[in-house]
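Have a look at the structure below before the remarks.
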Amino acid sequence: MDRVSTVKAIDVALREVLQRELPPLDETTRLFDELHLDSTSVLELLMALEDAVGMTVNPEDLRAEDFTTIGALADFVLANTDELAVG
């Protein structure tokens, strides 16, 4: 999966999870500060992304910095997707 597809999958998942009108999103959009995610919406977002991109998230691998921006989350998704493809 390439970066553009990953960012698009995050955008779609955010809109699905938050179920509200969102402004245009890009890699610099801050998940907590701008979109007001909370712990429940983060879990829902991860589940939606697992379904969308076919990855499995190990809760022990999660770090707060992976959820600062859409770009940081894309890095996390790509790293986890690559591990699955290789392993």
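One-based numbering along the sequence shown.
Proximity of a side-chain donor or acceptor of Asp33 to a complementary backbone N or O of Arg30 within less than 3.5 Å is not detected. A donor-acceptor pair under 3.5 Å links the side-chain atoms of Asn80 to the main chain of Phe76, judged by distance alone. Listed for the Thr81 side chain is a donor-acceptor partner under 3.5 Å among the backbone atoms of Val77. Thr29 places no side-chain N or O within 3.5 Å of a backbone atom of Leu25 that could act as its donor or acceptor partner.
Closest of all the heavy-atom pairs between Val17 and Ser41 is CG1-O, 3.7 Å.
Residues Leu22 and Leu37 share a hydrophobic cluster, clusters being chains of Ile/Leu/Val/Met/Phe/Trp/Tyr side chains in contact below 4.5 Å. Cluster annotation: Ile70 and Leu62 are assigned to the same hydrophobic cluster (Ile/Leu/Val/Met/Phe/Trp/Tyr, side-chain heavy-atom contacts under 4.5 Å, transitive). Linking Ile, Leu, Val, Met, Phe, Trp and Tyr whenever their side-chain heavy atoms come within less than 4.5 Å puts Ile10 and Phe32 in one cluster.
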Considering only distance and modelled atom types, tabulate donor-acceptor pairs under 3.5 Å from the side chains of residues 45-55, sequence neighbours left out.
| residue | atom | partner | partner atom | Å |
| --- | --- | --- | --- | --- |
| Glu50 | OE2 | Val57 | N | 2.8 |

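Using a 4.0 Å cut-off between a side-chain N of Lys or Arg and a carboxylate O of Asp or Glu, Arg15 and Glu21 do not qualify as a salt bridge.
Between atom CD of residue Glu27 and atom OG1 of residue Thr6 there is a gap of 9.5 Å, rounded to the nearest 0.5 Å. The distance from the CD atom of Glu16 to the CG atom of Asp11 is 11.5 Å, given to the nearest 0.5 Å. Rounded to the nearest 0.5 Å, atoms CZ (Arg20) and CG (Leu14) are 9.0 Å apart.
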After noting the C-alpha distance and the side-chain angles of Leu31 and Leu73, does the key distance pass the side-chain contact (heavy atoms from CB on, under 4.5 Å) rule? CA-CA 9 Å; Leu31 299 175; Leu73 182 55; 4.1 Å; yes
Residue pair Arg3, Asp75: steps toward the side-chain contact (heavy atoms from CB on, under 4.5 Å) verdict: CA-CA 8 Å; Arg3 187 163 193 89; Asp75 291 339; 2.7 Å; yes
